[in-house]
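Everything numeric in this text was worked out from a predicted model, so none of it was measured.
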Amino acid sequence: MKLRKSFFVTSCLVSTFLSCSAYAADASNTTTKAKTASAKQHAKTRTADVSSNEMVIVTGTHATNRKARQSTSPISVISSEVLRRSGEMNLAEAITRTYASINVSNMGNDAGALTSAFRMRGLNPNEVLVLVDGKRRHTTANIYADAGPDFGSTPVDLNMIPAASIDHIEILEDGAAALYGSDAIAGVVNIITKKTDHGLNTNFQTGANAYNGDGWQYQASVDGGTKLGNDGYIHLSGQVYHTDHMVPYTEDHRLLGYKPEGAGTSLYTGSVKVPKNSNKVTSTPEETRENLSIDFGKKLTEGIEGYGLITYAHRHAESYENYRVPGTIEGMYPYGFSPLETIEENDYAATLGLKGGNFLGFSWDLSTTYGADEDKVGDKNSVNAGMLSSKCLVRSANPGSTSPYLSTDGCGWSPTSARAETYRMAQWTNNLDMKRSFNIASVVPVTVAFGGEHRLETYKVEAGVPASYEAGGMAGYVGLQPQNAGNWSRDIWAGYLDGDFHPAKHWDLDFAGRFEHYTDVGNTENGKVSTRYDITPRIAVRGTISNGFRAPTLAEQHFSAINVGATTVSGLLPVSSQAARTLGASPLKPERSTNASGGIVLEPLKNFHVEADAYQINIRDRIIAGGSTNGAVAINAVEQLGFVIPSGLDPNAVSTYYFANGASTRTQGLDIKADYLLHMHRYGNLALSASLDLNRTRLSHVGTTTVDGVSTPLLNAATASYITTSYPRSKLILNAYWTVDNWDINLRETRYGETTTMLGYQDWTPSSATCMSNGVASALRYSSKCFSQFKNTPRWLTDLSIGYRVNEHWHLTVGANNIFNIRPRRVNDIYNNYGARIYDANSAQVPMTGGYYFGRIDARF
């Protein structure tokens, strides 16, 4: 019975917007009779009262014993049980399914597809702070280098944390830089891990995209705890995960045998026959991942406890690039080839800490955390055409060989795989936090907290092997050259002070201030004022105003990359380079924000809770993809970095851009959450919930750059749409969870609002077509000035899962996410690169993967 009680406490904590299965009666009854109670009675009591089981939070406040609905700032708590019922195997996707204010892009591009990134309240992934047990988590080293809404992001990859280790997640829906420092502009995600000293939980799930028959996934996870001496614990969690590529059906323009008059794509007319759907660039990566975490704590002496958390994850993933038609490298790939971009990743972190309850009247917490992410990015199933002579490109000897092509007759040599570059992002954080509660004049209760932090951040980029960048580089992804490699670091020193006051019984007032010094970008001061007043036990109002910041990451300041398509080249210039300065780049500054929110908390009926909060986030000097240009100017900039442009390209198909503090934005929105628990006696319990996020971002200022006396905006219509309208205007989640006897049924409806992006004119645009910009005519194809508006209209997704409890140990589930296979709206072929980009990749609306059917087995002992 102790095991089952632990499961109730650690795995079934209640979200503020969704009731979870609690097994409350069994957990509280320790008699022999309870141990032998029937499964029917067990199932009847699975759903607990939402208010009586609401979580005590630790995020966004230093006050003790405060629950989520009692907070001065809006906080949502997502339990492990709710995450499990999402049907998703990965943590990031599970949060997206269950939380309205978080979304992900339809698909990633290039190396960006290999790392999980999410957006909160429509802002960049870099503008969300992720904590694990209250400690700042290190970020990925794999930067999203392609233009789009996620541009420049090196976020915390949630999927590198084993989902089995999660007890619950607390999401602070407000700016919190005054408490936590940089990045906490959109909000804070605090992952709380399991710390039980007994029990064993296992889970196995598998499924696939039923309509395509691909995208097969499986995962197995386990977690359990044991005692560490008489007064300690150790909790181990692990996960193994694999997914195959999921590839929607597309038809490559070059393989169709026809094209519109004047279209730019050359048709393949060779004798080798290949399927029309050979281009698989619109797809999800193949991925294999292993995660492990060790959580431990032990009383060391009277009043002092030691604790720690160690996590490790390894991932290998491969993402398709554009297909190269037969005849491109005939001697090596007679049937054409699809280069693969690969990543070999190791992610690890360790926290060690001491905490105590009484030092001069203060409770204290001293900790050190070191975390790093190491990535080897490479090319596979590729070739460096520049290393081969012209006769090698059509030579038929050794056809179809996948080994490096080596010749003794002067043809040259090229590998088929190569390491393109290696990144390493590391973070060492040391914290001291002090807290004390007392009364002012024996009348006003006060909690005062203060502390200091030192953080060392390092970023290292290693050049690829010579074959990855010499002579034009490998097809698909050109490696990084030695002159663009380097090792950079910075120190951050911070101190904060927070005071929580209760001037009256029903009035809470919180003041916080923080100072930070960065050795590379200077100082910042941030403050926050929050207040809440409980008008009655069922009605409360709250509000917050704060300012915040986000320091430019080391990757944003120093990274560069060149992507080579079949007939295009796109170059990201390091902002500190002469090539970027020639195009108007300047050193990056921190982003600055002002956040304001206000809301109401209601309980109109017992077991019926409603929260509504309006918010506004103003951000100055946003770091965006700026200075987009193409043609001769772009070619010159790329060549300044030492890259060789492949011959025969349309000059307009060569483009460059760089990081810039290029815009100011205003994001306004409204979050509404409601839940109601209905007891239906012999018909079971029904937990109903709804969450709605309304969101809109507008530009309030666009920076300009001056080159050769000509001033141009840093944003064009396309890049402006990435940060304003590519995020859904609304997202509504309606959930019903019904438990009766041994059965449980979860039905979820999700409505994604409209997204709008400006798409460029691609290869099927006639070469004679022109567009006018500032009175000057230029080619419409590949234009960086003229675009077409594309709308992803609203979509509804339906998720359904049905579970059956065999006995107190075993539970079986079958389900389907997006049961009706809803996909994004398809784009017109004029905007569809090679015919293979059938969806708007930058829209954060419905995923392109369509319906997903799964089965799961849970066992708890």
Q) Under the ring-ring contact (aromatic ring centres under 6.0 Å, His included) criterion, do Trp493 and His517 qualify, and how do the steps go? A) CA-CA 5 Å; Trp493 302 88; His517 170 70; 8.6 Å; no

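- Nearest heavy-atom pair across Leu694 and Tyr615 is O-OH, 3.6 Å.
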Q: Could you give me the CA-CA distance, side-chain angles and deciding distance for Phe450 and Phe362, then say whether ring-ring contact (aromatic ring centres under 6.0 Å, His included) is met?
A: CA-CA 10 Å; Phe450 62 90; Phe362 288 87; 5.6 Å; yes

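- A donor-acceptor contact closer than 3.5 angstrom links the side chains of Lys195 and Thr193.
- Side-chain contact check for Arg436 versus Val448: every heavy-atom pair is 4.5 Å or farther apart.
- Identified under the salt bridge (Lys or Arg N to Asp or Glu O under 4.0 Å) test for residues 499-511, with sequence neighbours left out: Arg66-Asp500, Arg66-Asp508.
- Between the side chains of Asp520 and Gln557, at least one donor N or O sits under 3.5 Å from an acceptor N or O.
- Residue-environment remark: CH2 (Trp428) stays at or below the threshold of 12 foreign heavy atoms within 6.0 Å.
- The existence of a salt bridge linking Glu453 and Lys135 is excluded, since no basic side-chain nitrogen approaches an acidic carboxylate oxygen closer than 4.0 Å.
- The residues Asp491 and Arg455 are annotated as not salt-bridged, no charged nitrogen and carboxylate oxygen being separated by less than 4.0 angstrom.
- In this structure, CE in Met434 is found 10.0 Å from CG in Leu366, a value given to the nearest 0.5 Å.
- Counting heavy-atom neighbours within 6.0 Å of Phe359 CZ, excluding the residue itself, gives a total of 12 or less.
- A 6.0 Å sphere centred on NZ of Lys435 holds more than 12 heavy atoms belonging to other residues, nucleotides or ligands.
- No donor-acceptor distance shorter than 3.5 angstrom exists from the side chain of Asn661 to the backbone of Arg622, with no hydrogens or angles considered.
- Residue Ile185 holds its CD1 atom at 10.0 Å from OG1 of Thr594, rounded to the nearest 0.5 Å.
- Side-chain atoms of Asp295 and Ser293 form no donor-acceptor pair, as typed in the model, at a separation below 3.5 Å.
- A cation-pi contact, defined as under 6.0 Å to the ring centre and within 45° of the axis, is absent between Arg490 and Tyr518.
- In this structure, Lys355 satisfies the cation-pi test against Tyr307, with its NZ or CZ atom closer than 6.0 Å to the six-membered ring centre and inside 45 degrees of the ring normal.
- Ile191 CD1 to Ile95 CD1: the interatomic distance, rounded to the nearest 0.5 Å, is 6.0 Å.
- Between the side chains of Thr447 and Ser437, at least one donor N or O sits under 3.5 Å from an acceptor N or O.
- Within the structure, no pair that satisfies the salt bridge (Lys or Arg N to Asp or Glu O under 4.0 Å) test touches residues 691-701, not counting sequence neighbours.
- Side chain of Glu170 to main chain of Val58: a donor-acceptor pair is present (N/O by atom type, distance under 3.5 Å, no hydrogens or angles).
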Check: residues 116-124 side-chain donor-acceptor pairs under 3.5 Å, at least two apart:
residue	atom	partner	partner atom	Å
Arg119	NE	Asp150	OD1	3.3
Arg119	NH1	Ser726	OG	3.3
Arg119	NH2	Ser105	OG	3.0
Arg121	NH1	Glu173	O	3.2
Arg121	NH2	Glu173	O	3.1
Arg121	NH2	Asp671	OD2	2.9
Asn124	OD1	Asn126	N	2.8
Asn124	ND2	Pro149	O	3.2
Asn124	ND2	Phe151	O	3.2

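- Looking at Lys194, its side chain does come within 3.5 Å of a backbone N or O of Ala164 through a donor-acceptor pair.
- Among Thr531, Ile600, Val601, the one residue that satisfies the side chain to side chain contact (heavy atoms under 4.5 Å, CB included) test with Val541 is Ile600.
- Annotation: the span from Leu602 atom CG to Ile535 atom CD1 amounts to 9.0 Å, rounded to 0.5 Å.
- Partners of Ile733 according to the side-chain contact (heavy atoms from CB on, under 4.5 Å) rule, which considers only residues two or more places apart in sequence or in another chain, are Ala100, Ser691, Lys731, Arg748, Thr750.
- Across all their heavy atoms, Ile102 and Thr96 have their closest contact at O-CG2, 3.8 Å.
- Atom OG1 of Thr544 sits about 9.5 Å away from atom CG of Asn595, to the nearest 0.5 Å.
- Residues Gly452 and Tyr496 share a closest heavy-atom pair of N-CE2, 4.4 Å.
- The nearest pair of heavy atoms linking Ala674 to Val610 is CB-CG2, 4.1 Å.
- Shown here are the side chain to side chain donor-acceptor pair (under 3.5 Å) partners of Thr140, two or more places apart in sequence or in another chain: Asp373.
- Taking 4.5 Å as the limit, some side-chain heavy atom of Thr98 sits within range of a side-chain heavy atom of Ser86.
- For Arg136 against Gly181, the heavy-atom pair with the smallest separation is NH2-C, 3.7 Å.
- The salt bridge (Lys or Arg N to Asp or Glu O under 4.0 Å) analysis of residues 152-161, with sequence neighbours excluded, yields the pairs Asp157-Arg315.
- Between Lys299 and Glu302 a salt bridge is recorded (basic side-chain N to carboxylate O distance below 4.0 Å).
- Taking each heavy atom of Pro155 and Ser153 in turn, the nearest pair found is CD-C, 3.4 Å.
- Between the side chains of His235 and Thr196, at least one donor N or O sits under 3.5 Å from an acceptor N or O.
- The distance from atom CG of Leu588 to atom CG of Asp621, rounded to the nearest 0.5 Å, is 10.0 Å.
- Ion pairing between a basic and an acidic side chain is recognised when a charged N comes within 4.0 Å of a carboxylate O; Asp498 and Lys528 show no such pairing.
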